[in-house]
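The structure under discussion appears below in the form of structure tokens.
We count residues from 1, following the sequence as given.
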Amino acid sequence: MKLLLSVLALLLASHSVALCSDIELQTADTENTEAQTQTRKAFARFTEGHIDYEGTTPADGSEVIRGLRFGLNFASPTRSDGSWSRWNFLSVSVKLGGGEPLDVIGRRMLHSAEVVEDVPRQMVCYRWPLEEAGGFLKVTFLLYPEQKEWMLLRVELEGDTGATIEQVVLMAYPSHTSGPEERERWIAGGDVTMALETRAQPFDPTVSAFAFFNRMAQEDAGCFLVFDPASVAGLMISGDYAVRSTLKLNPGETSLDLALGGFVEQQADEAVRAFLLEGGRNTLQFLKAADWKPRVNSADHERLFGNLRQLLADVGSPEERERFAASLSRYEQEIRGNNGRGALNAVNELRQLEKQLLSRALARWR
């Protein structure tokens with residue numbers, strides 16, 4: 001009975017903070033000797049969705065991508081793979097020196113992925129190397145608990161690279177991927193509401209908020225895109241099976257801020273009307289006010305450490321106690337050194353340990 005009460009109390013405590021702090025990052029590097037390939041995976045799970053990266057390259061050390069997935073599952077209808085693409089939602093072309101623009105995500109293996117803030121906000125950074133320029137392409141995902149219907153993105157060059165971002169491409173499948181022949185992909189933004197064409201068409205880049213939705217079928221879900229127009233010189237959008245938005249950045253630009261959202265189980269006309277009246281404008285203000293500097297919430301981490309001490313006393317093994325002590329020591333060292341990223345890497349390991357121990361405690365009770 002004591003173990004049951006202990007487990008129930010910890011489950012309730014975990015659930016009470018999960019609404020704002022439940023974030024996981026799982027990374028793995030594997031090699032296929034038969035196919036002579038190596039694969040890197042980085043899966044980040046937020047409260048409202050997940051990011052799924054998987055890149056495969058030859059095992060000889062070259063970074064020529066043979067297989068790639070960089071997908072975002074966010075604002076998606078139930079039992080659907082629609083909304084933002086779960087395969088290739090983002091492409092970024094970077095100009096390095098005087099050469100041709102390089103599709104960095106599509107041509108380079110991911111360098112690293114890490115949680116840089118876990119509470120009260122959730123923030124994850126993905127980095128791709130720019131060896132020629134001595135820096136990185138960094139994509140930061142930021143989710144606020146009070147605005148969990150919006151995933152904020154910052155695409156930027158990190159380091160003194162001397163490079164510039166030429167364009168950013170976003171891929172979406174409003175509501176659903178496949179659909180009946182009569183389905184039409186539509187766009188609304190500013191004073192424009194129209195059916196999209198397979199051929200890319202220009203749109204006013206000073207109109208910073210757009211809705212993508214369907215007519216004739218699958219009309220109860222769609223996607224919202226908001227971006228900071230100060231960075232954007234041109235905008236081309238096409239839509240058929242997918243909706244492809246190409247944002248051409250101003251000369252010399254090194255960053256772009258975006259907000260990705262959508263609507264689910266709501267009629268498109270109603271959702272789009274509200275978005276055009278005030279939703280898009282309010283979201284742009286929210287995006288411009290976002291604080292992209294990570295912060296470490298030590299108070300929440302202390303609660304996690306307390307939960308783990310109790311679980312280890314109830315169901316932990318000597319090896320797991322050593323694992324906890326090592327991760328906690330590393331966390332404390334990183335905090336003293338003001339290294340938030342290092343501290344959060346240790347926290348991520350401890351959250352995984354907490355889940356294992358909770359699962360074991362429940363299994364023993366049953």
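Pairing each heavy atom of Ile23 with each of Met123, the nearest pair is CD1-N, 4.2 Å. Shown here for Ile335 and Ala343, the closest heavy-atom pair between the two residues is CD1-CB, 3.8 Å. Of all heavy-atom pairs between Ala75 and Ser83, the closest is O-OG, 2.9 Å. In terms of heavy atoms, Gly189 sits closest to Val207 at C-CG1, 3.8 Å. Shown here for Leu110 and Ala42, the closest heavy-atom pair between the two residues is CD2-CB, 3.8 Å. Scanning both residues, Ala217 and Pro180, for their nearest heavy atoms gives CB-CG, 3.5 Å.
For Tyr173 and Phe212, the distance between ring centers is not under 6.0 angstrom. Between Phe141 and Tyr126, the distance from one ring center to the other falls under 6.0 angstrom.
Judged purely by atom type and a 3.5 angstrom limit, Asn250 has no side-chain atom pairing as donor or acceptor with the backbone of Glu253. At least one donor-acceptor pair under 3.5 Å links the side chain of Arg281 to the backbone N or O of Leu277. In terms of modelled atom types and a separation under 3.5 Å, the side chain of Thr57 and the main chain of Ile65 share no donor-acceptor contact. Listed for the Ser76 side chain is a donor-acceptor partner under 3.5 Å among the backbone atoms of Ser80. With Gln122 contributing its side chain and Leu143 its backbone, the two residues share no donor-acceptor pair below 3.5 Å. At distances below 3.5 Å, at least one donor-acceptor pair connects side-chain atoms of Glu320 with backbone N or O atoms of Ser317. Between the Ser359 side chain and the Lys355 main chain, no donor and acceptor come within less than 3.5 Å of each other. Side chain of Asn214 to backbone of Ser175: no donor-acceptor contact under 3.5 angstrom is found.
Side-chain contact between Leu130 and Phe136 is absent, with no heavy-atom pair separated by less than 4.5 Å. Residues Tyr144 and Leu152 meet the side-chain proximity criterion, which asks for heavy atoms closer than 4.5 Å. The closest side-chain heavy-atom distance from Val115 to Glu117 is not below 4.5 Å. Within the 4.5 Å cutoff, side-chain heavy atoms of Leu260 are placed close to those of Phe89. For the pair Thr56 and Leu68, the minimum side-chain heavy-atom distance is 4.5 Å or more. Using a 4.5 Å cut-off on side-chain heavy atoms (C-beta onward), Asp257 and Val155 make no contact. Contact annotation: the side chain of Gln267 approaches that of Glu219 to within less than 4.5 Å [non-hydrogen atoms, C-beta and beyond]. Residues Arg323 and Arg321 have side chains not in contact (no heavy-atom distance under 4.5 Å, counting atoms from C-beta outward).
Applying the salt bridge (charged side-chain N to carboxylate O under 4.0 Å, His left out) test to every pair with at least one member in residues 208-218, sequence neighbours left out, gives these pairs: Arg215-Asp269. Within the structure, salt bridge (charged side-chain N to carboxylate O under 4.0 Å, His left out) contacts touching residues 185-197 (residues at least two apart or in different chains) are Glu197-Arg199. Residue pairs meeting the ring pair (Phe, Tyr, Trp, His ring centres under 6.0 Å) criterion with at least one member in residues 302-323, sequence neighbours excluded: Phe305-Tyr331.
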Quick one: do Phe263 and Phe224 satisfy ring pair (Phe, Tyr, Trp, His ring centres under 6.0 Å)? Show the steps, please. CA-CA 8 Å; Phe263 62 95; Phe224 294 143; 5.5 Å; yes

Output, in order, the C-alpha distance, side-chain angles, deciding distance and verdict of side-chain contact (heavy atoms from CB on, under 4.5 Å) for Leu170 and Thr246. CA-CA 7 Å; Leu170 295 155; Thr246 301; over 6 Å; no

Using the side-chain contact (heavy atoms from CB on, under 4.5 Å) rule, take Trp292 and Val116 through it: C-alpha gap first, then chi angles, then the decisive distance, then the call. CA-CA 10 Å; Trp292 294 93; Val116 293; over 6 Å; no

Please walk me through it: do Phe43 and Tyr53 pass ring pair (Phe, Tyr, Trp, His ring centres under 6.0 Å)? CA-CA 6 Å; Phe43 182 87; Tyr53 175 89; over 10 Å; no

Give the C-alpha distance, both sets of side-chain angles, the deciding distance and a yes or no for side-chain contact (heavy atoms from CB on, under 4.5 Å) between Thr177 and Trp87. CA-CA 11 Å; Thr177 49; Trp87 300 274; 3.9 Å; yes

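Linking ILVMFWY residues whenever their side-chain heavy atoms come closer than 4.5 Å, directly or via other members, leaves Leu153 and Leu142 in distinct clusters. Trp186 and Leu225 are members of different hydrophobic clusters when ILVMFWY side chains are connected at heavy-atom separations under 4.5 Å. Cluster annotation: Val243 and Trp84 are assigned to the same hydrophobic cluster (Ile/Leu/Val/Met/Phe/Trp/Tyr, side-chain heavy-atom contacts under 4.5 Å, transitive). In the hydrophobic clustering of ILVMFWY residues, with side-chain heavy atoms under 4.5 Å counting as a link, Leu304 and Leu358 come out together. Using a 4.5 Å cut-off between side-chain heavy atoms of Ile, Leu, Val, Met, Phe, Trp and Tyr, with links allowed through other members, Leu235 and Met171 fall into different hydrophobic clusters.
The existence of a salt bridge linking Glu131 and Arg108 is confirmed by a sub-4.0 Å separation between a basic side-chain nitrogen and an acidic carboxylate oxygen. Salt-bridge check for Arg40 with Glu31: failed, with every basic side-chain N at 4.0 Å or more from each acidic carboxylate O. Taking 4.0 Å as the cut-off between side-chain N and carboxylate O, Lys248 and Glu166 count as a salt-bridged pair. For Asp29 and Lys41, the salt-bridge test fails: no basic side-chain N is under 4.0 Å from an acidic carboxylate O. With respect to Arg127 and Glu114, a salt bridge is recorded, a charged nitrogen being found less than 4.0 Å from a carboxylate O. Between Arg86 and Asp81 no salt bridge is recorded (no basic side-chain N to carboxylate O distance below 4.0 Å). A salt bridge links Glu349 with Arg330: the closest approach of a Lys/Arg side-chain nitrogen to an acidic carboxylate oxygen falls below 4.0 angstrom.
Leu90 contributes atom CG, which lies 9.5 Å from atom CG of Leu72 (distance to the nearest 0.5 angstrom). Between the CZ atom of Arg244 and the OG atom of Ser85 there is a distance of 11.0 Å, given to the nearest 0.5 Å. To the nearest 0.5 Å, atom OG1 of residue Thr161 and atom CG of residue Leu96 are 7.5 Å apart. Atom CZ of residue Arg69 and atom OG1 of residue Thr39 lie 10.5 Å apart, to the nearest 0.5 angstrom. For the atom pair Thr164 OG1 and Leu157 CG, the distance stands at 7.5 Å (nearest 0.5 Å). Atom CG of Leu357 sits about 4.5 Å away from atom CG of Leu353, to the nearest 0.5 Å.
Around CG of Asp291, the count of heavy atoms belonging to other residues, nucleotides or ligands within 6.0 Å exceeds 12. Annotation for Glu146: atom CD counts as buried by contact number, over 12 foreign heavy atoms lying within 6.0 Å. In the displayed structure, Glu182 atom CD is contacted under 6.0 Å by more than 12 heavy atoms of other residues, nucleotides or ligands.
Paired with Gln167 under the rule side chain to side chain contact (heavy atoms under 4.5 Å, CB included), one option of Ser91, Ser93, Pro101 passes, and it is Ser93.
When only modelled atom types and interatomic distance are considered, Glu24 and Gln26 share a side-chain donor-acceptor pair under 3.5 Å.
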